[in-house]
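Taking it in order: structure first as structure tokens, then the write-up.
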Amino acid sequence: MVKSISKDKVYELTRQIPRGMISTYSAIAKAAGNPKAARAVGKFMNVNPKPIIIPCHRVVKANGHVGGFKSGIDKKIRLLESEGIKIINGWIQDFDKHLFTKFKLE
DNA sequence: GCCATGGCTAGTA
DNA sequence: GCCATGGCTAGTA
């Protein structure tokens, strides 16, 4: 039996990512208590109950690619660009510079 | 049995 | 671009 992660915690962590920054599915999985649960995090993003409050568009793949988005990748890219993130061919530019990892655990 | 991942490999320029 | 993995979830018994 492996430690499973809480959906609420995943949303709580995602909410901490500030405008102009991004984080990754695996970073959130790790902060939520299971570093290997990246795919589960993606699934939670897919059923995000509060798209405005919870900025799931700021969550991308660990290799710097944008990853998926419920209402279309283009929309995710536009949202990120409107927040100052540069994206070329689906790849986040200056990935390290925008990467947010300082999640607060309560 | 699915998948909004991740990481490794092959194959081109 | 492929496949192994982890964690859901729908749908049957």
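Model, not experiment: these values are computed from the prediction.
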Are [Y] and [X] linked, directly or through intermediate hydrophobic residues, by side-chain heavy-atom contacts shorter than 4.5 Å (ILVMFWY only)?
X: Phe103(A); Y: Val10(A); result: yes
X: Ile87(A); Y: Ile17(A); result: no
X: Val60(A); Y: Met21(A); result: no
X: Ile73(A); Y: Ile85(A); result: yes

For the pair Ile22(A) and Phe95(A), evaluate side-chain contact (heavy atoms from CB on, under 4.5 Å) and give the outcome as yes or no after the intermediate values.
CA-CA 8 Å; Ile22(A) 45 96; Phe95(A) 181 72; 3.7 Å; yes

Is the shortest side-chain N/O distance from Ser26(A) to OP1 or OP2 of dT5(B) below 4.0 Å?
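No, because none of the side-chain N or O atoms of Ser26(A) sits under 4.0 Å from OP1 or OP2 of dT5(B).
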
Could you check how far [atom1] of [X] sits from [atom2] of [N], rounded to whole Å?
X: Asn46(A); N: dC2(B); atom1: CG; atom2: C1'; result: 12 Å
X: Ile92(A); N: dT5(B); atom1: CD1; atom2: C1'; result: 15 Å
X: Lys36(A); N: dG6(B); atom1: NZ; atom2: P; result: 14 Å
X: Trp91(A); N: dT5(B); atom1: CH2; atom2: P; result: 13 Å
X: Lys9(A); N: dC8(C); atom1: NZ; atom2: C1'; result: 18 Å
X: Ile5(A); N: dC3(B); atom1: CD1; atom2: C1'; result: 14 Å

Return the stems involving DNA chain C, sorted by first number, where pairs are Watson-Crick (N1-N3 with N6-O4 or O6-N4) or G-U wobble (N1-O2 and O6-N3), both under 3.5 Å, and runs are 3 or more long.
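Paired runs of 3+ in DNA chain C: B:1-3 with C:6-8, B:5-8 with C:1-4.
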
salt_bridge(Lys9(A), Glu12(A)) N-O dist < 4.0 Å
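A salt bridge is absent here (no side-chain N lies under 4.0 Å from a carboxylate O).
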
Heavy atoms from C-beta onward define the side chain here; which of dA4(B), dG6(C), dC8(C) lies closest to that of Cys56(A)?
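Nucleotide nearest to Cys56(A)'s side chain: dA4(B).
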
Taking the side chain of Arg39(A) as heavy atoms from C-beta outward, which of dA4(B), dC8(C), dG6(C) is closest to it?
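The listed nucleotide nearest to Arg39(A)'s side chain is dG6(C).
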
Would you sort out whether Gln93(A) and Ile88(A) count as a side-chain contact (heavy atoms from CB on, under 4.5 Å), showing the intermediate values?
CA-CA 7 Å; Gln93(A) 305 300 296; Ile88(A) 300 177; 3.6 Å; yes

Check each residue of residues 58-79 of chain A for a non-hydrogen atom within less than 4.0 Å of any atom in DNA chain B, then write out the ones that pass by number, or none.
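Within residues 58-79 of chain A, the residues near DNA chain B are Lys61(A), Ala62(A), Gly68(A), Phe69(A), Lys70(A).
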
When the side chains of residues 36-55 of chain A are checked against the rest of the protein, which donor-acceptor pairs come out under 3.5 Å, sequence neighbours left out?
from	atom 1	to	atom 2	distance (Å)
Asn48(A)	OD1	Lys50(A)	N	3.0
Asn48(A)	ND2	Ile54(A)	O	3.0

Which pair of non-hydrogen atoms, one from Glu83(A) and one from Arg19(A), has the smallest distance, and what is that distance?
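In terms of heavy atoms, the two residues are closest at CG-NH1, 3.8 Å.
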
